[in-house]
2 protein chains.
Amino acid sequence: MSVTIYDIAREANVGIGTVSRVLNNSANVTTETRERVITVARKLNYQPHAFAQALARKRSNTLSAIIPFFTNYFFIEVLQGVQETLSSLGYDLIIHGANNQQQVAEYLQRSMRKGRVDGTLLFSLELPENFVEEFRQQKVPLVLVDTFHPAFDSIRVDNAGGATIATEHLISLGHRNIGMINANLQSAPARERLASFRQTLQQAGIQIPDGNIVNSAEEKNDGFSRESGFRGMMEFLGRGLPLPTAFFVSSDIQAIGVLAALRERNIRVPEDVAIVSFDDVELAKNFDLTTMRQPMFKMGELAVKKMIERIEHPEAPVSSVSFKPGLVIRASCGANKQYVFHEQ
Amino acid sequence: MSVTIYDIAREANVGIGTVSRVLNNSANVTTETRERVITVARKLNYQPHAFAQALARKRSNTLSAIIPFFTNYFFIEVLQGVQETLSSLGYDLIIHGANNQQQVAEYLQRSMRKGRVDGTLLFSLELPENFVEEFRQQKVPLVLVDTFHPAFDSIRVDNAGGATIATEHLISLGHRNIGMINANLQSAPARERLASFRQTLQQAGIQIPDGNIVNSAEEKNDGFSRESGFRGMMEFLGRGLPLPTAFFVSSDIQAIGVLAALRERNIRVPEDVAIVSFDDVELAKNFDLTTMRQPMFKMGELAVKKMIERIEHPEAPVSSVSFKPGLVIRASCGANKQYVFHEQ
DNA sequence: GAGTTCTATGGAAGGGCTTTCAAAAGTAGG
DNA sequence: CCTACTTTTGAAAGCCCTTCCATAGAACTC
């Protein structure tokens, strides 16, 4: 059937051990033997059997990523970094899109199947407590991206810092009546961004009515969606409060909804209302959004590096890195266009 | 170390064969034995070793997808269909993003590594001729999505039909001077869409100047990008021809660029110029684009089904399915909003 | 109750690789 | 030329499963 090392061994007049050693570039093989084996292998168009290797090596060179599937451009962009880095290291990436908590559990379970993957990346999803112990027991490395648990490595975004910069930017442009269209508070980023928004205003001595803040009640995607942004702004407009001169919106995708709502009411951006949002997904530039940039590609890259380190040093202390978002100024805030990117 | 069927066999006082039979729900095991084994397996928290299974079964339950990575929302949406379908069948999906022809080759090569995957889905990329023979020899199933080769199964989009409908729609709205902003002609869809556009106009007895058609020269993504659309429209405007009252644009993402270019020149859509594009990616509705909808999720789903069939019947005749896009009317063409979706 | 057919079961073989171990071959030193 | 190492090599063991084969026992048949 297909060519195995036995075929090569026979043809090259050596033992299978030698073939394996040649193929793996192990030491202690004469150049002469090595070349003979390589020639035969090439001639027979030999392809190593991945699973047999994985079984023998106890290592699969495959990682899995569990993400809230494709509902959010943010993940896709991080994933891009993950995939490219992985690929250059000869690893494969299995993608699991989880649409609900039950699927998350199912995929986590699957990831723990001994030997299937060398590690799992969990994106933006809270790790169910009952898995914490399981993962530690099974010794399957887990790296959290955009989410947190003290027992595992994680890559995070400094939401508080980002929200502070965004808010300060609006203040520096002279805005004193500012609103916020937020996602669902059940998500940690939404909570963190709101808290910093409030705190920054307070420190600047600015008072705003409670009604200026709209938190989404939507379940889907924790309110990080276009619809949520649209409805959030509509809800605000329905409250009859004086229109703030600026809004901080908790994500680009929501901001797109906000923009649509404002257009519908003939409110101009940035002339009547300035907008600053969060993420800087690729889309943001199409809408000329001023936003807090997260280095998504980099985050993906780093996540992989962490994972590899963890695989190689299972007992190393847990580490958590947090990226600081940088302000990207475009048209929606009314300031000049210019690019200010702080990277940690 | 980790729990194997041997541990279960010992504990349950049966042979490993019996354990395997129970775990695989094979026939000929007494209920009593079956229950005893299951109890023990559960107690020991047994997880089958995926690679050992794959090796023994000669089947990995894993597919790979090679896509022009994440540069295009179209793929992501198809991928969503692929992933969900696959997941429900207990398959895993490995994703390979290829940024150039060389990477495509590398990934194809990797896919052929015996046993690694049960099959490969190739998206929108031309299959290099030298792989044709290799794939047939190695007997690794290959399904083409949005691309074509007579030797393999494929899922396609009826680009010609779609372009015809789009063009007819513009004609039916009264437009007589129509332009087209196209992608790079080195891509088959771009060629097909252009050909039908021309033919439809001709059949309607409408003559347009050659200068009304702009083909992208961009390499990146074959010109299916926002930048390409922006530049395409700018190039047209620089030609000094009378402004057509309508444009057919070869993809939504380009249309977004076109919109930006028109806005920059203060040309209103749809009042001054009507736009119809192609794809109906999720984004399209945010821009209120009238566009030709491709059932991307469905395409993904079908691709998987074909693949499974191919795996089960390697010798079945090659088949090719083509989806007919449906017109989705939004604001950009100036007609009333209404949803007209033809599905094949 | 002897002979026959089925069903349930244990365990070896096999899948293709890596790695360990022991033997063979080579090198150096005296 | 013999001894003491070192390097190279072949082959067995092991990774964990599925599957096949042979056997033991149960269930039937007449």
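Residue numbers start from 1 in every chain, and the chains themselves are labelled A, B, ... in the order their sequence lines are given, proteins ahead of strands. The structure displayed is predicted, hence computed values, not measured ones.
- Judged by closest nucleotide on DNA chain C, B:V29 is the one of B:V29 and B:A52 placed further toward the 5' end.
- Across all strands shown, A:D7 has no heavy atoms under 4.0 Å from either base or sugar-phosphate atoms.
- B:K58 places its NZ atom 12 Å from the P atom of C:dC17, with the value rounded to the nearest Å.
- Nearer the 5' end of DNA chain C, as judged by each residue's closest nucleotide, is the contact made by B:T30, out of B:A56 and B:T30.
- Atom pair A:Q47:CD and C:dG15:P shows a separation of 19 Å (rounding to whole Å applied).
- For the pair A:R10 CZ and C:dG16 P, the computed distance is 12 Å after rounding to whole Å.
- The base of C:dG10 sits with one of its N or O atoms less than 3.5 Å from a complementary donor or acceptor on the side chain of B:R21.
- In the set C:dT9, D:dT7, C:dT19, C:dT19 carries the atom at the smallest distance from any side-chain atom of A:S20.
- Note: A:F51 and B:F51 have parallel aromatic rings, judged against thresholds of 30 and 60 degrees for the angle between ring planes.
- Considering only side-chain N and O atoms, B:T33 lies under 4.0 angstrom from the phosphate OP1 or OP2 of C:dT9.
- Considering only side-chain N and O atoms, B:Y6 lies nowhere under 4.0 angstrom from the phosphate OP1 or OP2 of C:dA12.
- The aromatic rings of B:Y107 and B:H96 lie parallel to each other, their planes meeting at an angle below 30°, with 60° marking the opposite boundary.
- A salt bridge does not link B:E309 with B:K305: every distance from a Lys NZ or Arg NE/NH1/NH2 to an Asp or Glu carboxylate oxygen is 4.0 Å or more.
- Between B:N24 atom CG and D:dT19 atom C1' there is a gap of 10 Å when expressed in whole angstrom units.
- For the OP1/OP2 pair of D:dG10 and a distance below 4.0 Å, the side-chain nitrogens and oxygens of A:T18 include at least one atom meeting the criterion.
- Rounded to whole angstrom, the span from the CG atom of A:N61 across to the P atom of C:dC17 amounts to 16 Å.
- In this structure, the side chain of A:R310 engages the main chain of A:A316 through a donor-acceptor pair within 3.5 Å.
- The CG-C1' distance, from A:L55 to D:dG14, rounds to 9 Å in whole Å.
- Between B:I16 atom CD1 and D:dC17 atom C1' there is a gap of 8 Å when expressed in whole angstrom units.
- Atoms CD (B:Q53) and C1' (D:dC16) sit 9 Å apart, rounded to a whole Å.
- Within the 3.5 Å criterion, the main-chain N or O of B:R156 finds no donor-acceptor partner in the side chain of B:S154.
- Among the nucleotides D:dT18, C:dG10, D:dC15, the one closest to any side-chain atom of B:I5 is D:dT18.
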